[in-house]
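Hydrogens, waters and symmetry mates play no part in the numbers below; they use all other heavy atoms, side chains included.
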Amino acid sequence: MNQKGSTMTTALISILLTVVVLGGAFYWMTAIKPVEPNTTKETTVVDPKTEPTTVETVANEKTFEGKGFSATYPAKYVADDKGLWTEETYESHINPPENCTTCQLPMVGIISVTTDKTLEQQIIQDLTLTGTSLKELAEKDAIKEYEEVKIGDKTFTKIVSYGMIETTSYYIKNLDLIVSFSIFFDTPSKEVVVLLEDMLATLKFE
């Protein structure tokens with residue numbers, strides 16, 4: 001083979017190699033697509049109904065369980081069979097100092113009785129008064145005042161009675177159960193009045 005033929009052969013081989021390389025590159029670029037990372041973000045949708053609810057109100061309340069009734073009160077108070085106390089007054093009650101004449105009195109006194117008496121008859125008996133009706137006793141000034149008051153969805157008979165200690169009591173009757181809630185002294189603190197009325201608003205009978 002002469003020099004001219006050898007040169008042509010070399011040129012053809014170079015052209016063929018170029019075509020193969022370019023063709024392979026084109027095939028790679030068009031036929032094989034790179035796998036793209038998944039950029040879709042998962043969004044968590046929170047249903048407000050399934051969000052945990054706060055339990056502060058429940059945690060800050062306790063239930064006074066009586067015989068046939070119940071009522072809620074703030075958890076900072078202490079309850080026993082006489083009623084509600086502050087921590088300090090309860091401590092004085094169970095460990096009374098000398099000459100403490102009021103240590104037996106809770107902040108709110110609670111009494112229940114099952115009876116066939118009417119509400120008026122039970123109140124008159126509790127106050128150890130002589131008479132047949134609250135109206136008569138009020139006219140004789142044997143009791144300071146009485147009235148019907150509605151608290152929550154219930155109606156109570158409110159009695160303010162004289163004695164060594166003036167007492168304000170709220171009475172209510174359900175079937176044969178009579179329950180009274182009382183606060184003591186001539187001018188009970190606003191805290192005690194609010195405590196009592198809030199408690200009465202939650203009163204439930206079994």
Side-chain angles (χ1 to χ4, degrees), residues 48-91 93-94 102-129 133-135 137-138 143-161 163 165-185 187-206:
K49 295 179 181 178
T50 62
E51 284 286 277
T53 55
T54 59
V55 294
E56 288 184 8
T57 301
V58 175
N60 289 333
E61 289 182 347
K62 292 180 181 178
T63 300
F64 186 96
E65 296 284 355
K67 293 181 179 179
F69 72 97
S70 63
T72 61
Y73 63 94
K76 67 178 182 178
Y77 296 108
V78 179
D80 67 1
D81 59 344
K82 292 181 180 292
L84 301 185
W85 313 73
T86 63
E87 290 184 1
E88 294 78 14
T89 56
Y90 185 70
E91 180 62 32
H93 172 62
I94 58 177
T102 59
C103 288
Q104 77 278 13
L105 296 176
M107 289 184 67
V108 175
I110 304 173
I111 299 174
S112 64
V113 59
T114 302
T115 178
D116 58 359
K117 290 183 173 65
T118 66
L119 189 60
E120 274 197 324
Q121 290 170 340
Q122 186 64 44
I123 293 171
I124 291 170
Q125 176 182 300
D126 288 352
L127 300 179
T128 62
L129 297 172
S133 71
L134 294 174
K135 181 179 179 181
L137 293 171
I143 55 177
K144 189 171 182 179
E145 64 178 85
Y146 85 97
E147 62 179 325
E148 301 296 311
V149 295
K150 187 163 186 178
I151 301 175
D153 60 352
K154 295 178 176 60
T155 300
F156 298 82
T157 299
K158 178 183 176 182
I159 303 288
V160 181
S161 59
I165 297 175
E166 185 174 291
T167 303
T168 302
S169 301
Y170 294 77
Y171 280 81
I172 190 169
K173 183 173 184 178
N174 181 64
L175 301 176
D176 60 351
L177 177 68
I178 294 177
V179 186
S180 68
F181 298 78
S182 300
I183 49 180
F184 310 97
F185 305 108
T187 54
S189 68
K190 184 178 179 181
E191 176 190 1
V192 181
V193 173
V194 170
L195 166 64
L196 176 56
E197 293 185 351
D198 286 350
M199 190 176 188
L200 293 179
T202 68
L203 177 65
K204 294 180 181 177
F205 292 106
E206 295 176 359

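- Side-chain atoms of Glu120 come within 3.5 Å of backbone atoms of Leu134 as a donor-acceptor pair (strictly under, hydrogens ignored).
- When all heavy atoms are compared, the tightest approach of Ala79 to Phe64 is CB-CD1, 4.0 Å.
- Counting heavy-atom neighbours within 6.0 Å of Ile111 CD1, excluding the residue itself, gives a total of 12 or less.
- Between Phe185 and Thr102 the shortest side-chain heavy-atom distance falls below 4.5 Å.
- Listed here is the closest heavy atom pair of Pro188 and Ile183: CG-CD1, 3.9 Å.
- The distance from the CG atom of Asp81 to the OG atom of Ser112 is 10.5 Å, given to the nearest 0.5 Å.
- Looking only at side-chain heavy atoms (C-beta outward), Phe184 and Pro106 come within less than 4.5 Å of each other.
- When side chains are defined from C-beta on, Ile172 does not count as touching Thr155, because their heavy atoms never get closer than 4.5 Å.
- The distance from the OG atom of Ser169 to the CD1 atom of Ile159 is 8.0 Å, given to the nearest 0.5 Å.
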Kindly list each side-chain donor-acceptor pair under 3.5 angstrom involving residues 192-206, sequence neighbours excluded, with atom names and distances?
from: Thr202; atom 1: OG1; to: Thr72; atom 2: N; distance (Å): 2.9
from: Thr202; atom 1: OG1; to: Thr72; atom 2: OG1; distance (Å): 3.2
from: Thr202; atom 1: OG1; to: Met199; atom 2: O; distance (Å): 2.8

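- Here the straight-line distance linking atom CZ of Phe156 with atom OG of Ser180 works out to 11.0 Å at 0.5 Å rounding.
- Aromatic ring pairs are classed by plane angle as parallel below 30°, tilted from 30° to 60° and perpendicular above 60°; the pair Phe181 and Phe69 is perpendicular.
- No hydrogens or angles considered: a donor-acceptor pair under 3.5 Å links the side chains of Thr157 and Glu148.
- Atoms SG and CD, from Cys103 and Glu91 in turn, are 10.5 Å apart once rounded to the nearest 0.5 Å.
- The two residues Thr86 and Met107 come nearest to each other via the heavy atoms CG2-SD, 2.9 Å.
- Note: Tyr73 OH to Leu84 CG = 6.5 Å, rounded to the nearest 0.5 Å.
- Nearest heavy atom pair, residue Lys82 against residue Asp80, reads N-OD1, 2.8 Å.
- Counting only distance, with no hydrogens or angles, the side chain of Thr167 and the backbone of Ile165 share a donor-acceptor pair below 3.5 Å.
- The structure places NZ of Lys158 at 5.5 Å from CD of Glu145, a figure rounded to the nearest 0.5 Å.
- In this structure Gln122 satisfies the side chain to side chain contact (heavy atoms under 4.5 Å, CB included) test together with Val113, Thr115, Lys117, Gln125, Asp126, Ile178, sequence neighbours excluded.
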